[in-house]
Amino acid sequence: MPTWLFAIFALMAFIVPAHAEDIAEKATLCASCHGENGVPIDQTIPVIWGQNAGYLYVELRDFKRGARTDPIMSQMATGLSREDMMALAEYFSKKPWPNLGQKPADAATAERAQVIANSAQCSQCHLAGFLGASLVPRVSDQNHDYLLATLRAIRSGERGNNNWMTELMKAYSDQDMAALAAYLAGL
Amino acid sequence: MLLGNGMRVGLGATAALALGTCLATGALADETSNATLFGNMTAVSQDMLNRAGQDANNFLMTHGDYTQKRYFPNRQINTMNVRHLHPAWIFQTEVKETLETAPIIVNGVMYVTTAFDHVYALDARTGAEIWHYKQPLGPITVYCCGPNNRGVAVDGGMVYLATLDAKLVALDAKTGKVAWQSDIADPELGYSETMAPTAVDGKILIGTNGGEYGIRGFVKAFDAKTGKLLWTFNTIPENTVGEWATKDATGQDLHRDIAAEKAALAKLGDPFKKLGGGVWQNPSVDLANRRIYFVVGNPSPDLDGAPRPGDNLYTDSLVSVDLDTGKYVCHFQYIPHDVWDLDAVSATVLVDAKDQNGALVPAVLHAGKTGFVYVNDRKDCHLIRFSEAMVPQENMYALPTASPGTRMLPGANGGVEWSAMAVDPTLNLTYALNLHQPMHYSVKMADYPGGDKLWLGGAFTVIPEEEQWGNVTAVDYNTGKIRWQVKTPQPMIGGILATAGGLVFTGESNGFFKAYDSATGAELWRFQAGAGVNAPPSGYTVEGKEFIVVGAGGNAQVDSKRGNNIIAFTLD
């Protein structure tokens, strides 16, 4: 475990249970991983700035309920009330999506991804430009390594908070996942 | 312009008078933004609504009139001159996403909606904006198939909108200000609204989406003046078992394991609480008998029948209820115990059709995702006939299997999706828009995940190697025979309008908006709109000039090119 994690767990113990903390203060804790300016501190951590509020809320709730698990986020969410989660979701959704400077996928990769997107009807939910809305996340320009990891976790069921997405992803190979992650990250 | 009945003469005269005033004061058409010219005549009376089908000036309901024929009775634009049709104006909305609105026109004022529940009032002559309303949506909205809205209802001086967060909103037609707002249902449990409401006799009728989220569906009636709930009809009764039917309405085997279902029923009890049964489209209203007719969508979860033994009444069914009380009258189930999402979504249409003995009877039409047009008797809902299949049906009713699943046609979007039909009663033809999308259907047991997560019990995916296409099909509802059919390069979704000018108008995902000869299917005109034309067209007449209007904004479900255009066409 990297040292920054220890530091953060220590901080969490201090901040999270304090219910009356105002949201901006809670958000500073989040910034230690999700980024001061919205750019996460490493590639495996998702962008939450500018993400859709409904989705942010549901993920925090699912971490709290245990429907989605992650050693950090599950802990992080335990102390949050529904109001806290709604307020954090609202707060981060109002921030601008950061520029991660990820490169567009090459033509062959993009084409492979588009064939999958068409067959799985991704845009029916993720909408034009993969921007999502409400409970459906924006996935365009999301951190590449996070995308790849979460797509795989969805497919294996390890991320089990949406069995529809799990069922959908089962049809796709590792190379398909790689193409999707590269394509979405570069949008 | 058609001058047939007293009301239209009246309106024509007023319009002419208004035009006179306009010319006298030198005011040019496109200067009016506050609509003083027509703004005093925005109120819609019940009499106007009752006669909407013969009204060649206005387009007062999503599907034209209470029968939902989508038949516009003006013949100024017709087979002889349609080739001269050109845009009169294009209005660009603020929202560039999936556009399914059916424009409503009341005395020269047009109401259109966009994705995410915006409403615009426009001057129908010029496209000039009169007002713009945006529904402030809550953080949680749950919908399966795009943030769509299919339009408003009008009644009195109000405009009614149903929203993605399951609210019914009444707006002042003159100003766009909220008069009242009522909760239809709880969005966090998977309820949402994309359909347009129907206004009739002081009531606002509305169904619900949510068959993908384990809801219990309904049609509700609200008081048009106050927003108070008047009645609720649950599309899922408390006893949903039915008669253990092993065949669909057309006699095809559904491959049900009745013994296993009976055992499941003994163990689980009746599954009515989360059985789905959304209602996607406006009901038809039979004013003479004071009944409404509508179709009910799929059971939840879509692809997995195990947790829901029985016929799953009244999913995948035609249902009639009493307009005044919401009490059950009759039903007819097209597909008992559906595990393919081949449900009933396209709007019902009331016509007089020949029964088995050749006698004309009050009938109701519905186009299924199966690719059949069903003709039922309005008296007791029984099936009179079904049409020839409008699309290839292959391996139909093969049970879904574990991923990657079973190949079957039609795919889960149809046949006919929510796209309403149009009817030309002079030809006894109904026009349906079809999809051909070969799909894999897979099943995977899954517990109810809470109302804000999709609960399909599996997945359906388009088979990427296979060709997709669509068609426009004209069916003679007196015989069930296909009269003509035009193949389109992409699956069809949106809507169609028939006119007394011998035309049908419909759009395609590739941006073409076309006019066909309604008797023969010959293409007479086309226009490239630059974005998917996946919305139902409307017709109207202002100052003696006929217009055809349609939205070109693309569609989330078939992923056609997005845009934000409302385009009105006319002759010079």
Side-chain angles (χ1 to χ4, degrees), chain A residues 51-62 65 67-68 82-83 85-94 111-136 155 157 160-173 176, chain B residues 96-98 115-116 137-147 164-165 187-188 192 212 301-303 402-405 411-413 437 439-440 442-447 449-450 452-466 468 553-563:
Chain A
Q51 183 56 280
N52 302 313
Y55 175 71
L56 290 174
Y57 161 73
V58 165
E59 296 312 294
L60 291 170
R61 184 201 65 189
D62 286 358
R65 281 187 184 165
R68 179 176 177 184
R82 182 184 150 97
E83 291 68 44
M85 294 190 274
M86 281 284 189
L88 282 166
E90 163 105 4
Y91 174 86
F92 284 111
S93 71
K94 296 246 155 81
E111 200 190 317
R112 179 170 194 151
Q114 280 160 353
V115 168
I116 300 167
N118 182 24
S119 129
Q121 304 176 78
C122 313
S123 95
Q124 181 164 334
C125 306
H126 289 282
L127 302 177
F130 283 89
L131 295 175
S134 190
L135 300 191
V136 182
R155 184 181 58 176
N161 66 330
N162 198 303
N163 43 49
W164 148 257
M165 283 293 304
T166 297
E167 193 53 23
L168 186 70
M169 289 304 162
K170 273 193 198 149
Y172 301 107
S173 66
D176 291 337
Chain B
K96 196 172 168 187
E97 243 310 337
T98 183
F116 301 111
L137 292 170
I140 299 200
T141 53
V142 183
Y143 43 84
C144 66
C145 309
L164 290 170
D165 54 355
E188 293 192 38
S192 69
E212 279 62 42
D302 300 44
L303 291 148
S403 180
N413 292 327
Q437 277 187 312
M439 284 198 189
H440 281 136
S442 70
V443 61
K444 174 75 200 311
M445 214 281 285
D447 291 334
D452 55 22
K453 302 271 168 131
L454 206 57
W455 191 33
L456 295 189
F460 23 72
T461 45
V462 174
I463 304 173
E465 303 80 41
E466 293 200 41
Q468 302 182 33
N555 181 270
Q557 205 164 344
V558 293
D559 197 20
S560 61
K561 188 171 170 213
R562 309 301 203 277

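All of these numbers come straight from a predicted model, not from anything done at the bench. The chains referred to below are lettered A, B, ... by the order of the sequence lines, with proteins before strands, and numbering in each begins at 1. Note that these values count all heavy atoms, side chains included, but never hydrogens, waters or copies made by symmetry.
Ranked by non-hydrogen atom pairs under 4.5 Å with chain A, the options B:Q437, B:K96, B:M439, B:E97 are led by B:E97. For the set A:N162, A:L127, A:N163, the entry with the most heavy-atom pairs within less than 4.5 Å of chain B is A:L127. Most heavy-atom pairs under 4.5 Å with chain B, from the set A:N118, A:V58, A:N161: that is A:N161. With chain B as partner, the option from A:A171, A:G129, A:A128 having the largest number of non-hydrogen pairs under 4.5 angstrom is A:A128. With chain A as partner, the option from B:T461, B:L137, B:N555 having the largest number of non-hydrogen pairs under 4.5 angstrom is B:T461. Interface summary for chain A: among B:G146, B:S403, B:A402, the most heavy-atom pairs under 4.5 angstrom belong to B:S403. When the candidates B:C145, B:A446, B:P404, B:G457 are compared by the number of heavy-atom contacts under 4.5 Å with chain A, B:C145 comes out ahead.
Between the CG atom in A:L168 and the CD1 atom in A:I116 there is a gap of 10.0 Å [rounded to 0.5 Å]. Atom CD1 in B:I140 sits 5.5 Å away from atom CG in A:L135 (nearest 0.5 Å). The structure places CD of A:E90 at 10.5 Å from CG of A:L88, a figure rounded to the nearest 0.5 Å. Expressed to the nearest 0.5 Å, how far CD of B:Q468 lies from CD1 of B:I463 amounts to 10.0 Å. With rounding to the nearest 0.5 Å, the separation of CE in A:M165 from SG in A:C125 is 8.5 Å.
Contact of A:M86 with chain B is made through the side chain alone, with heavy-atom distances under 4.5 Å. Contact annotation for B:D447: only backbone heavy atoms (N, CA, C, O) come within less than 4.5 Å of a heavy atom of chain A. Only the side chain of B:L456 comes within contact range of chain A, judged by heavy atoms closer than 4.5 Å. Neither the backbone nor the side chain of A:N52 comes within less than 4.5 Å of any heavy atom in chain B. Interface remark: B:N413 contributes side-chain atoms only to the contact with chain A (heavy atom separation under 4.5 Å).
Heavy-atom contacts from other residues, nucleotides or ligands closer than 6.0 Å to CD of B:E466 number more than 12. Surrounding NZ of B:K561 are at most 12 heavy atoms belonging to other residues, nucleotides or ligands under 6.0 Å away.
Salt-bridge annotation for B:E188 and A:R82: present, with a side-chain N of the basic residue lying under 4.0 Å from a carboxylate O of the acidic one.
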